[in-house]
Amino acid sequence: MIEHADGTRTPLIDASVHIFHPSNKDLRSFLREPFKSRGFPDYEMDWYQAPGGEYLPSAVGPNREYPGSSVEIVAEELFSKRGVDVAVLHPMGRGIMPDRHLGSALHAAHNEMLVSRWLESDEFGDRFRGTIRVNPDDIAGALRELAKWRDHPRVVQIGVPLQSRELYGKPQFWPLWEAAAEANLPVAVHIEVGSGIAYPPTPSGNTRTYEQYVSFMALNYIYHLMNMIAEGVFERFPTVKFVWADGAADFLTPFIWRMDTFGRPHLEQTPWAPRIPSDYLPGHTYFVQGSLDGPGDADYAGEWMSFTGKDDMVMFGSSYPHWQCADVRKLPPALSSEQREKLCWRNAANLYGIDIAADLARS
């Protein structure tokens with residue numbers, strides 16, 4: 001529950017909290033042979049580290065615990081200091097691995113950690129919801145992992161890396177999207193690095209600086225989304241939902257306007273997707289709104305949020321414990337009270353089936 005500058009109070013669901021293993025040694029304890037003895041990238045293998053450090057200094061534990069690896073520290077920060085009522089956790093992995101079997105094993109280890117330490121925590125488990133990581137390079141393995149966890153009451157979505165080797169509208173991914181839709185689990189797509197085989201962040205290759213990287217990287221969500229529309233994914237699987245988990249809602253409006261403009265006279269080329277592209281957005285497309293998105297505190301921030309129906313697509317996500325950790329108390333003042341409620345909790349509650357106590361929702 002948070003209190004705004006005008007005195008009103010609002011429930012808060014944090015839709016993007018990143019959790020980690022405290023060390024590579026700890027991760028190995030969740031692996032089985034032959035993968036336990038294999039090499040794999042460290043979390044810190046990143047071409048583009050933020051100049052001031054990747055994580056909030058306050059996120060490091062008193063015993064130098066890796067940021068986002070201690071249930072107690074994360075719970076204290078989110079629930080006690082930031083007013084979060086429910087947090088949706090996203091285990092951060094190693095992206096796409098050259099060996100798909102090793103990649104699937106690493107995802108499975110992250111899932112075991114998520115469920116055993118976080119979702120089933122005696123003290124805080126009822127306030128956490130979880131993202132099960134699956135490997136889009138290993139569809140058979142991903143389907144097994146989804147089947148293993150789909151019925152856990154605190155698992156609310158599956159997660160895949162943004163840096164796929166193919167656009168996610170391609171047919172090889174359809175069995176996974178179909179299974180996710182049948183399980184009523186949204187698919188969260190998250191920026192992830194460290195594997196060494198990820199594609200460059202822009203169509204023109206690798207950027208020179210971190211600032212360019214962080215500005216352009218989210219465009220890859222738009223490439224995936226437009227490909228999925230053109231390939232008919234939302235027509236074929238009418239209940240599938242995608243969460244673009246590192247922002248980019250601010251990119252959506254101009255790009256979908258252009259897709260509508262150029263797509264309108266060419267619908268005969270995509271008979272499997274006969275509607276205007278923007279018609280496929282409602283109910284299928286969601287974005288986590290962080291501190292790097294949109295026009296900020298400009299007078300037209302509320303109007304921009306309303307374009308293309310983004311009011312119903314965006315969910316607040318702090319990206320804790322990363323350096324750009326968003327503070328919901330700094331939302332643009334130009335947002336209407338209805339937009340603020342949708343952003344803070346209503347959209348996430350509806351998407352993930354999270355019950356918010358009536359006394360909180362009325363405040």
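None of these values were measured; they are calculated from a predicted model. Both backbone and side-chain heavy atoms feed into the values below; hydrogens, waters and symmetry mates do not.
- Taking 4.5 Å as the limit, every side-chain heavy atom of V189 sits out of range of all side-chain heavy atoms of D246.
- The minimum heavy-atom distance between I191 and M217, with the atom names listed, is CD1-CG, 3.5 Å.
- Side-chain contact check for E231 versus T270: every heavy-atom pair is 4.5 Å or farther apart.
- Under a cutoff of 6.0 Å and an axis angle of 45°, R275 and Y280 form a cation-pi pair.
- Judged by distance alone, the side chain of D299 and the main-chain N or O of A334 form no donor-acceptor pair under 3.5 Å.
- For the atom pair CG of L331 and SG of C344, the computed distance is 5.0 Å after rounding to the nearest 0.5 Å.
- Remark: R127 qualifies as a cation-pi partner of F79 under the 6.0 Å distance and 45° angle criteria applied to the six-membered ring.
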Donor-acceptor pairs under 3.5 Å, side chain of residues 170-181 to any protein atom, not counting sequence neighbours: which ones?
from	atom 1	to	atom 2	distance (Å)
K170	NZ	E166	OE1	3.0
W174	NE1	G169	O	2.8
W174	NE1	K170	O	3.4
W177	NE1	Y168	O	2.8

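- Atoms CD1 and CG, from I13 and N347 in turn, are 9.5 Å apart once rounded to the nearest 0.5 Å.
- Annotation: the span from L185 atom CG to R150 atom CZ amounts to 7.5 Å, rounded to 0.5 Å.
- Remark: the Q212 side chain and the T209 side chain contain an N/O donor-acceptor pair separated by less than 3.5 Å.
- Under the 4.5 Å side-chain criterion, counting only non-hydrogen atoms from C-beta, D85 is not in contact with D14.
- A distance-only check finds no donor-acceptor pair linking the side chain of E72 to the backbone of E76 [under 3.5 Å].
- With hydrogens and angles ignored, the 3.5 Å screen pairs no side-chain donor or acceptor of R129 with any backbone N or O of V156.
- No side-chain donor-acceptor contact under 3.5 Å links N227 to the backbone of Y223.
- Side-chain atoms of L351 and V243, non-hydrogen and from C-beta on, do get closer than 4.5 Å to each other.
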The test is side chain to side chain donor-acceptor pair (under 3.5 Å); show your working for D138 and S104 and say whether it passes. CA-CA 7 Å; D138 174 16; S104 293; 2.6 Å; yes
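- In summary, the side chains of N111 and E145 do present a donor paired with an acceptor at a separation below 3.5 Å, with no hydrogens or angles considered.
- P136 is listed as a side-chain neighbour of P161, based on a closest heavy-atom distance under 4.5 Å.
- Put simply, the side chain of N220 never gets that close to the backbone of T202: no donor and acceptor are under 3.5 Å apart.
- Proximity of a side-chain donor or acceptor of T308 to a complementary backbone N or O of K310 within less than 3.5 Å is not detected.
- Cluster membership check: V60 does not share its hydrophobic cluster with V74, using side-chain heavy-atom separations under 4.5 Å among Ile, Leu, Val, Met, Phe, Trp and Tyr.
- Classified by interplanar angle (parallel below 30°, tilted 30° to 60°, perpendicular above 60°), the ring pair W244/F242 is parallel.
- A donor-acceptor contact shorter than 3.5 Å links the side chain of E192 to the backbone of G93.
- The closest donor-acceptor contact from the side chain of S69 to the backbone of Y66 lies under 3.5 Å.
- Using bins of under 30°, 30° to 60° and over 60° for the plane-to-plane angle, the ring pair H322/Y55 lands in the tilted bin.
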Go through it in stages, so that I can follow the logic: the residues are H21 and F30, the test is ring pair (Phe, Tyr, Trp, His ring centres under 6.0 Å), and I'd like the CA-CA distance, side-chain angles, deciding distance and then a yes or no. CA-CA 10 Å; H21 284 273; F30 285 85; 5.3 Å; yes
side-chain contact (heavy atoms from CB on, under 4.5 Å) assessment of V240 paired with M228: CA-CA 11 Å; V240 74; M228 294 171 75; 5.7 Å; no
Verify side-chain contact (heavy atoms from CB on, under 4.5 Å) between M315 and L343, making sure each step is shown before the conclusion. CA-CA 5 Å; M315 305 178 291; L343 177 63; 5.6 Å; no
Stepwise, does the side chain to side chain donor-acceptor pair (under 3.5 Å) test hold for S337 with E341? CA-CA 6 Å; S337 58; E341 282 219 344; over 6 Å; no
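- Within the structure, salt bridge (Lys or Arg N to Asp or Glu O under 4.0 Å) contacts touching residues 22-31 (residues at least two apart or in different chains) are D26-R117.
- From S58, atom OG reaches atom CD of E77 across 5.0 Å, with rounding to the nearest 0.5 Å.
- When atom types are taken as modelled, the side chain of W272 and the backbone of A230 share a donor-acceptor pair closer than 3.5 angstrom.
- Side chain of Q339 to main chain of S336: a donor-acceptor pair is present (N/O by atom type, distance under 3.5 Å, no hydrogens or angles).
- The pair R38-D99 meets the salt-bridge criterion, with a side-chain N (NZ, NE, NH1 or NH2) lying under 4.0 Å from an Asp/Glu carboxylate O.
- In the model, T131 has a side-chain atom that pairs as donor or acceptor with a side-chain atom of Q157 under 3.5 Å.
- Residues L31 and F40 meet the side-chain proximity criterion, which asks for heavy atoms closer than 4.5 Å.
- Between atom NE2 of residue H284 and atom CG of residue D279 there is a gap of 10.0 Å, rounded to the nearest 0.5 Å.
- Note on residues 82-105: pairs passing ring-ring contact (aromatic ring centres under 6.0 Å, His included), not counting sequence neighbours, are H90-H190.
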Applying side-chain contact (heavy atoms from CB on, under 4.5 Å), run through H110 and R94 and close with a yes or a no. CA-CA 10 Å; H110 282 80; R94 269 57 172 187; 3.6 Å; yes
